Number of protein chains: 2
Amino acid sequence: MFDRRRKRVDTLVSFLEQRGPIHLKQAADMLDVSEMTVRRDIAEAKGSLAFYGGYIAPVKDFGATSYAMNTEEDRNASKKAAAGRKAASLVENGDTVFIDCGTTTPHIAKALPEDLELTVVCYSLNIANIVCKNERWRVIMLGGIFYPNTQVFKGAYSLSLLGQVAITKAFVSAGGVHEKRGLTCSNFYEVEVKQAVLRATDSRFVVVDSSKFSLVKPAFFAPLAEAGTIIADAVPEDYARVIESAGLSVLLGAD
Amino acid sequence: MFDRRRKRVDTLVSFLEQRGPIHLKQAADMLDVSEMTVRRDIAEAKGSLAFYGGYIAPVKDFGATSYAMNTEEDRNASKKAAAGRKAASLVENGDTVFIDCGTTTPHIAKALPEDLELTVVCYSLNIANIVCKNERWRVIMLGGIFYPNTQVFKGAYSLSLLGQVAITKAFVSAGGVHEKRGLTCSNFYEVEVKQAVLRATDSRFVVVDSSKFSLVKPAFFAPLAEAGTIIADAVPEDYARVIESAGLSVLLGAD
DNA sequence: CATGCAATGATAAAATATTAACATTGAGGA
DNA sequence: TCCTCAATGTTAATATTTTATCATTGCATG
């Protein structure tokens with residue numbers, strides 16, 4: 001029975017998935033075999049592990065196939081980060097914050113001050129994965145059925161939970177902010193959650209990057225007047241007046 | 001205005017976090033600069049990005065600091081994988097499977113045949129992150145408050161969801177399998193979910209590695225007779241009789 | 001206890017990645 | 001316009017990783 005190799009591979013895979021990539025040398029040390037043997041192990045574990053410049057990593061960590069950097073997310077990354085940092089700076093000790101799904105909100109999650117006592121309410125896998133890293137925070141996840149393209153979990157039963165949590169600050173994203181069409185987003189299944197959240201708290205923030213002003217997306221979720229405070233990296237000149245006349249305040253984050 | 005670099009770094013960070021590491025060449029292509037420039041970008045983005053053998057990755061992906069492979073998880077990884085593979089092999093097209101939390105159950109999730117039509121019910125971030133990768137599967141997550149040490153979400157409201165889902169196969173983990181003390185686990189908050197799941201289906205599997213036999217953990221969740229079928233990598237000789245006389249069947253996975 | 005064979009280790013050659021040094025470009029100020 | 005300097009590109013040297021090859025170990029079988 002010569003399957004020490006299989007066993008080492010299992011051990012390695014498990015270790016790497018838990019603790020992240022390590023150098024070939026470390027792996028060889030830990031498994032008490034030569035680097036060459038570890039190489040051969042990985043070669044045999046086709047598909048699940050790979051080398052990258054002397055490091056071993058689960059292949060899933062190296063899944064980038066797309067070559068184009070042309071998504072909306074990529075192009076506006078620094079704007080989104082700016083808005084996200086601004087939003088996060090508003091959070092205070094003891095807050096219970098709701099963080100919406102989308103491409104801007106992860107920047108809020110990442111920028112939250114680590115040393116505060118917080119409760120974070122979310123419904124997307126993205127956000128959960130970020131905020132779960134901080135063991136000081138209480139994290140509440142609304143469950144449900146998973147929607148892959150937005151990484152969101154949604155179910156009617158989870159909305160009732162919102163009634164039980166006292167949200168002190170809600171950060172909601174929007175795909176479009178328009179004078180007449182109000183706040184819109186791309187996916188209809190998000191609408192119910194966004195509306196429930198807006199109803200559940202008075203401290204509402206709509207977080208967007210500046211490319212969203214004057215856009216309209218298919219799913220409507222609230223009139224502009226209900227946006228509370230708008231947080232963005234910048235506001236186009238013509239929209240400053242629109243927002244002001246809607247009685248909203250605006251906060252800007254430095255790009 | 002010389003901060004093209006900062007912008008490129010933002011774009012890169014965002015891209016990498018979304019889509020995983022890429023090769024220096026690809027990055028240079030996409031950003032339309034030379035490899036050398038990308039290198040200098042990363043050098044300036046101290047801390048957040050790094051190179052590994054020609055690939056760029058978020059540093060957080062390379063966080064393995066611990067050198068010892070001594071956790072229970074590491075030591076029994078191949079046993080757990082064996083049990084996990086066996087469990088996964090039972091799953092059939094159209095099944096709605098429940099996958100418990102723990103260190104063994106992720107091996108089930110990873111070994112599920114990718115080409116089946118499945119609904120997967122879970123309540124831990126671990127499992128969700130694995131099964132969400134397959135877009136063919138419907139994933140249902142029980143929400144609630146997050147418990148960091150087990151990566152579990154738990155809330156009374158989510159248990160009611162179990163009544164609405166027809167689970168065809170439930171894979172439950174156990175920290176101890178004992179003749180008299182029955183099935184036990186380490187965390188009391190898991191008990192409610194495990195019990196609800198066992199009630200919700202007749203097709204029950206208790207998945208453990210062979211180190212669990214004759215152990216007793218603090219939280220009791222079911223008598224041995226209710227285990228249904230036990231799946232393990234192996235069963236110690238003295239326990240084969242115990243299990244048989246409890247009227248249970250056993251399935252073994254090749255280590 | 002000798003034989004065969006998978007598993008492993010060691011070494012050197014080939015391929016790649018990293019670094020350092022110098023050349024070029026282009027924006028902003030005199 | 002010319003000058004300066006940061007940003008970038010190019011090239012060659014240096015270091016590292018990968019691959020290929022052969023020698024060694026040690027278990028299993030007859």
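Bear in mind that the values here come from a model prediction, so they are computed numbers and not experimental data. By convention in this document, chain letters (A, B, ...) are assigned in the order of the sequence lines, proteins followed by strands, and residues within each chain are numbered from 1.
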| query | In terms of side-chain heavy atoms of B:Arg39, which of C:dT19, D:dT18, D:dG9 is nearest? | reply | C:dT19
| Between P of C:dT11 and CD of A:Glu35, the distance in whole Å | 13 Å
| query | Taking the side chain of B:Met36 as its heavy atoms from C-beta onward, which of C:dT18, C:dT19, C:dA17 lies nearest to it? | reply | C:dT19
| task | Select from A:Gly54 and B:Val33 the residue whose nearest nucleotide in DNA chain D is closer to the 5' end of that strand. | result | B:Val33
| note | Rounded to whole Å, CD1 of A:Ile42 lies from C1' of C:dT8 at a distance of 15 Å
| Check: C:dG9 base within 3.5 Å donor-acceptor of A:Arg40 side chain | yes
| remark: Which of C:dA17, C:dT8, D:dT17 is nearest the side chain of A:Asp41? It is C:dT8
| task | To the nearest Å, give me how far apart OH (B:Tyr55) and P (C:dT16) are. | result | 12 Å
| query | Can you list the steps and then say if B:Val207 with B:Ser173 is a side-chain contact (heavy atoms from CB on, under 4.5 Å)? | reply | CA-CA 5 Å; B:Val207 187; B:Ser173 64; 5.8 Å; no
| Distance in angstrom units between B:Leu24 CG and D:dG9 C1', rounded | 14 Å
| note | Winner on side-chain proximity to B:Ser34, out of C:dT8, D:dG9, C:dG9, is D:dG9
| task | Indicate the ring-plane relationship of B:Tyr239 and B:Phe213, choosing parallel, tilted or perpendicular according to the 30° and 60° boundaries. | result | tilted
| Interatomic distance where NZ belongs to A:Lys7 and P belongs to C:dT8 [whole Å] | 13 Å
| Reference residue A:Asp209; test side chain to side chain donor-acceptor pair (under 3.5 Å); the match among A:His107, A:Lys80, A:Lys79 | A:Lys80
| task | Report yes if a side-chain nitrogen or oxygen of B:His23 is closer than 4.0 Å to either non-bridging phosphate oxygen (OP1 or OP2) of C:dT16; otherwise report no. | result | no
| task | Quick one: sort the A:Phe146 and A:Phe153 rings into parallel, tilted or perpendicular, breaks at 30° and 60°. | result | tilted
| query | Quick one: B:Ile22 CD1 to C:dA17 C1', roughly how many Å, whole number? | reply | 16 Å
| field | Interatomic distance where CG belongs to B:Leu31 and P belongs to D:dT8 [whole Å] | value | 11 Å
| field | Distance test, side-chain N/O of A:Arg8 to OP1/OP2 of C:dT8, below 4.0 Å | value | yes
| Does A:Thr37 have a side-chain nitrogen or oxygen under 4.0 Å from the phosphate oxygens OP1 or OP2 of C:dG9? | yes
| query | Do the charged groups of B:Glu117 and B:Arg136 touch, with an N to O distance under 4.0 Å? | reply | yes
